[in-house]
Amino acid sequence: VFLLNLLVEMYGKCGSIDDARQVFDSIRHPNAYSWNIMLTACGRSGDLPAAKRVFDANPECGIITWTTMVAMYAKEGYLEESRGFFERMPSWSVKSLNAIAQAYLQESDHEHAIALLERMPEKDQISWNVLVQANAQLGHMDRSQWLFDRMPFWDLASWTSMITAYCTAGDYHTARLFFDKMPVKDVVSLTTMVAAYAHNGHMFLARRLFDGISHKDAVAWTTMLVAYGENGDVGKALSLFQAMPRRDITSWNAISAAYAQAGHREDSIRVFETMPCRDLVSWNTAILACVECHSAEEAKRCFDQMPRKN
RNA sequence: CCAUUGGGUC
């Protein structure tokens, strides 16, 4: 069973929900893990009705099942439903309370999130990270910093979220200090700093840091690509797009958007038509490309053709 | 073997 569970999980993470479903259905006696994994797969695909059906059919809903429901509905923006599951949860744990705090943050209710996290008798690493981050998002950098200084351990996420927080606050100097103080840097923190340099117009520093990243993932590549686009160098953006070893949908959307913002509607639309698959952002970008070039008619046609609208 | 935190696109 657990080998099949792994297979369902893998398909779910790749976005192949149909394959996940098929494998799940082939399991003779699904265990609690199987149900939860299938539930998560539905949530990841954005199909909440399917998730609800899995939930209703699950004979052994446990705390992880409930936590998944709360987190999933909150992420998709269905806050009422999320709250409904929260209120019906039979029990709580540190991790489920973390998820609930995160759900509060998704409805921009930082006060409740912080109150909950502060009241938690036990906090794990994630509780601390979320607490520090929640204060930063409220603009309470002094409080955030104070908590950061007092939390028991710092992991990569703690450091990186401080860098991001200070960048958001416009304090790039302090962001840089945090970056320098990190004992270990990974691709995420390096990419964060690449973006920070780029936003300050320090393209040379951004590129040098990017070149030094040993295991560049799609996010790192796309960050650098977008940096060039934002600095008006669509040519360099394109060469990065062509040079990257693996492109995901966000990379495609990014190059399409870079063209659109540069006023190259034809190129933007050509990318749009060439993409292996399209999501909501792809369509929005196509509409933007038309709008930027004052083609109201074309924009309207894209809008009408969108399979899904937000 | 499953849920909750940090970086990229509209």
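A, B, ... follow the sequence lines: proteins, then strands. Residue 1 opens every chain. Just so you know, these numbers use all the heavy atoms, side chains as well, and skip hydrogens, waters and symmetry mates.
- Within the 4.5 Å cutoff, no side-chain heavy atoms of Lys236(A) are placed close to those of Leu225(A).
- In this structure, Asp248(A) reaches the bases: a heavy-atom distance under 4.0 Å links it to at least one base atom across the strands shown.
- At the heavy-atom level, Val187(A) lies under 4.0 Å from base atoms of the strands shown.
- Rounded to whole Å, atom P of rU5(B) lies 18 Å from atom CG of Asn135(A).
- Checking each of Thr285(A), Thr250(A), Asn253(A) against Asp279(A) for a side-chain hydrogen bond (donor to acceptor under 3.5 Å, both in side chains) leaves exactly one that passes, namely Asn253(A).
- Atom CZ of Phe85(A) and atom P of rA3(B) are 18 Å apart (whole Å).
- There is no side-chain donor-acceptor pair under 3.5 Å between Asp142(A) and Asn135(A).
- Within 4.0 Å of Thr65(A), counting heavy atoms only, lies no atom of the nucleic acid at all.
- Within the nucleic acid shown, Ala195(A) has no heavy atom closer than 4.0 Å to any nucleic acid atom.
- Using a 4.0 Å heavy-atom criterion, one finds that Ala218(A) contacts the bases of the nucleic acid, with or without backbone contacts as well.
- For Ser189(A), the side-chain atoms get nearest to rG6(B) when compared with the rest of rG6(B), rG8(B), rC2(B).
- Evaluation of atom-type donor-acceptor distances gives no pair under 3.5 Å for the side chain of Asp217(A) against the base of rG8(B).
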Taking distance alone, no hydrogens or angles, what donor-acceptor pairs closer than 3.5 Å link side-chain atoms of residues 196-205 of chain A to residues at least two apart or in another chain?
unit_1    : atom_1 : unit_2    : atom_2 : d
Tyr197(A) : OH     : Arg176(A) : NH1    : 2.6
His199(A) : ND1    : Ala195(A) : O      : 3.1
Asn200(A) : ND2    : Ala196(A) : O      : 3.0

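- Within the structure, a side-chain polar atom (N or O) of Gln261(A) is placed less than 4.0 Å from OP1 or OP2 of rC10(B).
- Among the nucleotides rU5(B), rG8(B), rU9(B), the one closest to any side-chain atom of Asn253(A) is rU9(B).
- Residue pairs meeting the salt bridge (charged side-chain N to carboxylate O under 4.0 Å, His left out) criterion with at least one member in residues 88-102 of chain A, sequence neighbours excluded, are Lys95(A)-Asp124(A).
- A search for ring-ring contact (aromatic ring centres under 6.0 Å, His included) contacts involving Phe241(A) returns Trp252(A), not counting sequence neighbours.
- The base of rG7(B) sits with one of its N or O atoms less than 3.5 Å from a complementary donor or acceptor on the side chain of Thr191(A).
- Nucleic acid contact class of Ala220(A) (heavy atoms, under 4.0 Å, all strands): base.
- Shown for residues 149-162 of chain A: residues whose heavy atoms fall under 4.0 angstrom of RNA chain B, namely Leu156(A), Ala157(A), Thr160(A), Ser161(A).
- A straight line from CG of Leu190(A) to P of rG7(B) spans 15 Å, rounded to a whole angstrom.
- Relative to the side chain of Thr68(A), the nucleotides rA3(B), rG7(B), rU9(B) differ in distance, and rA3(B) lies closest.
- As rounded to whole Å, 12 Å separates atom C1' of rG6(B) from atom CZ of Phe148(A).
- In this structure, Lys75(A) reaches the rU5(B) phosphate: one of its side-chain N or O atoms is under 4.0 Å from OP1 or OP2.
- Rounding to whole angstrom units, CE of residue Met38(A) and C1' of rC1(B) are separated by 16 Å.
- When each of rU9(B), rU5(B), rG7(B) is scored by its nearest atom to the side-chain atoms of Thr250(A), the top-ranked nucleotide is rU9(B).
- At a cut-off of 3.5 angstrom, counting only N and O atoms as typed in the model, there is no donor on one side facing an acceptor on the other between the side-chain of Asp186(A) and the base of rG7(B).
- Candidate nucleotides rU4(B), rC1(B), rG7(B) were compared by shortest atom distance to the side chain of Leu6(A), and rC1(B) ranks first.
- A search for ring-ring contact (aromatic ring centres under 6.0 Å, His included) contacts involving Trp221(A) returns Phe210(A), not counting sequence neighbours.
- The list of side chain to side chain donor-acceptor pair (under 3.5 Å) pairs with a residue in residues 61-71 of chain A, not counting sequence neighbours, reads Asn36(A)-Thr65(A).
- Remark: C1' of rU4(B) and CG of Asp124(A) are 8 Å apart, rounded to the nearest angstrom.
- Distance Leu117(A) CG to rU5(B) P: 12 Å, rounded to the nearest Å.
- Aromatic stacking is not marked for Tyr33(A) over rC2(B), as the cut-offs of 5.5 Å for the centres and 30° for the planes do not both hold.
- For the pair Asn284(A) CG and rC10(B) P, the interatomic distance rounds to 10 Å; values are reported in whole Å.
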